[in-house]
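Below you'll find the structure, written out as structure tokens, and then a few comments.
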Amino acid sequence: MHLMQLPREVLLGENLTGEVVSVAKRIGLTGKALVIYGPKTKEIAGNDVEDAIKSAYDVSSLTIRKGATMEEVGRTIEKIKDEGISWVIAVGGGSIIDVAKLASFKTGVPFISFPTTASHDGIASANASIKDLGSKTSVKAVPPVAVIADVKVIKTAPYRYLAAGVGDTISNLTAVRDWQLAHRIKGEYYSEYAASLSLMSAKMVMRNADIIRLGNEESVRKVIKALISTGVAMSIAGSSRPASGAEHLFSHALDMLLDKPALHGEQTGVGTIIMAYLHGMKWERVRETLKRVGAPTNAYELGIDPEVIIEALTIAHTIRPERYTILGKDGLTREAAEKAAKITGVI
Ligand SMILES: NC(=O)C1=CN([C@@H]2O[C@H](COP(=O)(O)OP(=O)(O)OC[C@H]3O[C@@H](n4cnc5c(N)ncnc54)[C@H](OP(=O)(O)O)[C@@H]3O)[C@@H](O)[C@H]2O)C=CC1
Ligand SMILES: O=C(CO)COP(=O)(O)O
Ligand SMILES: [Zn+2]
């Protein structure tokens, strides 16, 4: 059996805080709500969402200060149980959404995703990335019952986040190639529908790079649609396969090696340049798109030491050994890593 769980409603528009109650009612949510936000996203939209819900529901709130960690997931679970919470709404970036997603999954309560950044494809996906869970990669959870993407709110985030969203989406190109490779070599399950949807999202951001770089509301709409579609592709596949291949392993390796890594999508974008080169794809087109939208394309722009880039490339294959990619079972030698990074201008 192949289970595909998807959001029931996706709203994309302006001034949507007032719509939260209508969405909750349409979906049939009853009982006490919990609004989760970070210290910044509380001010950006969290307080407004909380006030809007108060008009129709009993509401509690929780501020997440330690990012996407098990400690915060634990605090959220405790709050849900202690206060008899019936549904959750996460107002924030990827970290806040992932905390809500895993806590909701573990307690069996539905959650709504109210993103404040367009920097990652976890907005509508069913998997959560929690830093200290023992695994560096995302784990299975549930998708949000609804996504409410307020373009005006998302536009308040620094432009860097939107460019990172392009980096997380363009990685679908190499992720799908890796998936096809694993299908042919290892007989791994492959979904043509999920792969096509994922590739379409990557091609859409490439085609719209000039609109995206303007950083206006239309730009946010283009990137958000690609990120939500990618999340749906992951749900159809039942894993992050359509959106996470060797370029993500490289980014996960950087997260492991660095105290202060760059943004997830910035790292996966640079990883895509290198992995596209290794696949014999048109890596110059990937680099060109990232340049056009102002996303980092090299170690210097990522703020990462070239030596760390090489090390991440050589250890990437060890991070999730069951996910076969262009890096193979043995990974890259130091020489091969250095060569790939130099040829593509990453170092
Ligand atoms: N589950 C999945 O499938 C996926 C998950 N991810 C995960 O998502 C995370 C990255 O998400 P990302 O959104 O880039 O970063 P974060 O959620 O980590 O947020 C980074 C910072 O940006 C702040 N912020 C959020 N929104 C705004 C805004 N509108 N204006 C100004 N500042 C803002 C946050 O504030 P505050 O301090 O208030 O939170 C925080 O300080 C990573 O943990 C990554 O692993 C990435 C891809 C897929
Ligand atoms: O970031 C993701 C997809 O863009 C999730 O991928 P992982 O499963 O590798 O964490
Ligand atoms: Zn990603």
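What you see below is based on every heavy atom in this structure, not just the backbone, and it leaves out hydrogens, waters and symmetry mates. All ligand and atom numbering here is 1-based and tracks the order in the structure. Nothing fancy with the numbering, it's 1 onward along the sequence.
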Quick check on contacts: which atoms of ligand 1 are under 4.0 angstrom from a heavy atom of Ile44?
27 (C), 28 (C), 29 (N), 30 (N), 31 (C)
Just checking His120 against Tyr161, ring centres under 6.0 Å apart?
no
What part of [X], side chain from CB on, backbone N/CA/C/O, both or neither, has a heavy atom under 4.0 Å from ligand 1?
X: Ser125; result: side chain
X: Thr116; result: both
X: Ala157; result: both
X: Lys42; result: neither
X: Asp168; result: side chain

Where is the nearest protein heavy atom to [atom]: which residue, which atom, and how far?
atom: atom 6 (N) of ligand 1; result: Asp98 OD2, 3.8 Å
atom: atom 1 (N) of ligand 1; result: Asn127 O, 2.6 Å
atom: atom 42 (C) of ligand 1; result: Ser95 OG, 4.4 Å
atom: atom 41 (O) of ligand 1; result: Lys40 NZ, 3.3 Å
atom: atom 7 (P) of ligand 2; result: Ser138 OG, 3.4 Å

So which bit of Thr230 gets within less than 4.0 Å of ligand 2, heavy atoms only: side chain, backbone, both or neither?
neither
Should His252 be listed as contacting ligand 2, given a heavy-atom distance under 4.0 Å as the test?
yes
Heteroatom N/O/S of His248 within less than 2.8 Å of the Zn ion (ligand 3):
yes
If you compare Asp121, Asp98, Ile130 by their heavy atoms, the one closest to atom 3 (C) of ligand 2 turns out to be Asp121
